[in-house]
Amino acid sequence: MMRRLFLISVPYLWLLALFLIPFVIVLKIALSDTALSIPPYTPQIDISAGWEGLKGFFAALDMENFVWLTEDDLYWKAYVSSLKIATISTLLALLVGYPIAYGMAQAPQEWRATLMMLIILPFWTSFLIRVYAWMGILSQEGLLNQLLMGLGLISDPLIILNTNTAVYIGIVYTYLPFMILPIYSALEKLDASLLEAAEDLGCSRFKAFWLVTIPLSKGGIIAGSFLVFIPAIGEFVIPSLLGGSSTLMIGKVLWEEFFSNRDWPVAAAVAVVLLLILIIPIILFQRNEQKQREAE
Amino acid sequence: MTLDVFAPWEDPTEKPLIQFKGVTKRYGSFTAIDNLTQDIYAREFFALLGPSGCGKTTMMRMLAGFETPTEGQILIAGQDMAAVPPNERAVNMMFQSYALFPHLSIWDNIAFGLRRMKMPKAQIEERVEDMLRLTRMTQFSRRKPHQVSGGQRQRVALARSLARAPKLLLLDEPLGALDKKLREETQFELMDIQEKTGTTFVIVTHDQEEAMTVASRVAVMDHGKIIQVSTPPKIYEEPNSVYVADFIGDVNIIEGAAHKTSDDGYDIKWAEGQEPIHAKTTAVLNEGQKAFVALRPEKISIAEEKPEGAVNAVKGKIIDIGYLGNISTYHVELPGGVMVKAQATNTRRLSRRNFSWEDEVWLSWTLTAASVLER
Ligand SMILES: Nc1ncnc2c1ncn2[C@@H]1O[C@H](COP(=O)(O)OP(=O)(O)O)[C@@H](O)[C@H]1O
Ligand SMILES: [Mg+2]
């Protein structure tokens, strides 16, 4: 009994320490006001003042910052833009990742481990270095433009760096393995005789793919899409390094509020709303996993 | 009354539905099917029987169109199938693993093939309901394949492959996963369905009893070749080789040298100082040629005294008795150490039976009981 209680309490303690407590702290900051102090917000909890002090502390908290988020259209535009960029990036990653995963699953058994290694290999170098490398590739004098002009395909350099296109390339590149791996694992389990059965029952190869392979890899597609979509929505490094001044993403806004404006309470409010937006797909994702497990 | 026997293979005017013409299939340097020529007729229930790895599945897969012959031709209804992909063949296959679509309900699994035929919706529904009724799965139609038992899955697989009313249905070890009782029931169900639908069935099995029960003809295969094709009684009574005799049922094989007798039979000398075995046969053997006598255990009588006027009678000693309830198998050692199995029906209760271990007994059989085989 004690043992079971202990086993159950471990994940909850984990959740409490690493999620709930930080969240409560951030929420508290979001409900505070900016101040020229260290840390730069007020009120602070003053335990020595006792009960009266605690009452005063709660009285000083308000929703002002959340109201502010609705008043300046920068914020909701940034949220919408982030959602849009994350959605498009996810679709692109699916478009690129599915054929790769399919190819891996079709490859001879002895190659698969190697292919898997190749997919994971980029993680062995720093993410920042890889994004900087993309700057080198995509800039006006970059490798891509040099190559295309050298081949005579274009006469003027393409402007890719500091546009949304560069952000899409960066996100798709960075999160592609998260798309490929769950789809690959679904496709690898697929029984080849199902495709033969579909052909036997009158499907062309393509139709069999559409009616059997796609539905049976749906779990992998959904998992991969969430694994790309969720981090992409709050992405900060890629839009700041590869995106331009017109690239609006909530991660960037958050960073600016925090470090440029030193407005911790508004930054905290932005973060809380972002979390609420992310919780919806996370819950959907969990549901999908659950359904998947029940189906097995 | 004349009994109309179904035997299109004996009618030279009958056109075969399937023709294998010198078909060879190689995987790399390995020959899975070796220069095979065979006709199969419409409405037949044709069984392929053989040990694992002898090429049964390969033959099926070539008929279904998943493999192409390395050499030779396969014709279905007179048409060369080389260039016809699986989805354009009037052939359906029931897979060894059933291969039911796990994401579709049983109803949708059965409807899958019909939807590809651009059949009107009402007609699809009617056909699916018919198939569900035929396989007694109506009440489970809304379930997913993983929500029904193994035997029910097998029936769904059968319903799905029958739904398109194929000219030819291929069944690859369809009953392998079922327990004995359910398997026997299903065998009769299959025969019933085959009769009702008039479909040609080719069934793969490694269970000789199953092949004997369901088939109009049985083909015994070994190493990519068909060794013998015949009706079940013929393949049992008149095997053409020791391999076939041994594969189908229980058999005693006694080796010896053949000597022609006056009454178009042979004397087989099988042991020094023993009376040769007398057997009537259509086989033509050279004088002194090595031959094998194949003798089924149930064709041997067992007695305490030497039977009067028996053509073949040898004395032996009971070494072991296998009691199977309805019958008993006696393992008898003949002079020279040859072991022979003889079967007797247990018409009496156990306590009143005659023979026991170590008893000396006489075994006898008639002139036509044994087959004489060259190989
Ligand atoms: N795709 C393949 N590649 C190589 N060898 C194969 C392939 N398919 C079957 N074989 C070989 O061909 C032989 C016959 O196989 P199969 O027809 O499946 O036998 P079975 O009579 O047990 O159904 C086996 O030895 C098998 O290993
Ligand atoms: Mg097989």
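Heavy-atom basis, side chains included; hydrogens, waters and symmetry copies ignored. So you know, we letter chains A, B, ... as the sequences are listed, proteins then strands, and number each from 1.
Between the side chain of B:Arg116 and the backbone N or O of A:Leu201, no donor-acceptor pair lies under 3.5 Å. For B:Asn92 (side chain) and A:Asp200 (main-chain N/O), a donor-acceptor pair under 3.5 Å exists by modelled atom type.
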All N/O donor-acceptor pairs, side-chain side in residues 79-87 of chain B, below 3.5 Å, sequence neighbours left out:
| unit_1 | atom_1 | unit_2 | atom_2 | d |
| --- | --- | --- | --- | --- |
| B:Asp80 | OD1 | B:Ala82 | N | 3.1 |
| B:Asp80 | OD2 | B:Gln73 | NE2 | 3.0 |
| B:Asn87 | ND2 | A:Cys203 | O | 3.4 |

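The neighbour count for B:His206 NE2, taken as heavy atoms of other residues, nucleotides or ligands under 6.0 Å away, does not exceed 12. Environment of CZ in A:Arg130: crowded, with over 12 heavy atoms of neighbouring residues, nucleotides or ligands closer than 6.0 Å. Other residues, nucleotides and ligands contribute over 12 non-hydrogen atoms within 6.0 Å of the CD atom of B:Gln147. The neighbour count for B:Arg115 CZ, taken as heavy atoms of other residues, nucleotides or ligands under 6.0 Å away, is above 12.
Put simply, of B:Met94, B:Arg164, B:Met93, the one with the most heavy-atom pairs under 4.5 Å next to chain A is B:Arg164.
Residue contact with chain A, scored on non-hydrogen atoms closer than 4.5 Å, involves the backbone and the side chain of B:Phe101 alike. Only the side chain of A:Asp191 comes within less than 4.5 Å of a heavy atom of chain B; its backbone N, CA, C and O stay farther away.
Taking every heavy atom of both residues into account, A:Leu194 and B:Leu100 meet most closely at CD2-O, 3.1 Å. Here the closest non-hydrogen pair linking A:Glu199 and B:Phe66 is CB-CE2, 4.3 Å.
Residues of residues 45-61 of chain B that come closer than 4.5 Å to chain A, counting heavy atoms only, are B:Arg61, ordered by residue number. For residues 101-117 of chain A, an interface with chain B (any heavy-atom pair closer than 4.5 Å) does not exist. By a heavy-atom distance cut of under 4.5 Å, A:Lys207, A:Leu211, A:Val212, A:Pro215, A:Leu216 are the residues of residues 206-224 of chain A near chain B, going up by number.
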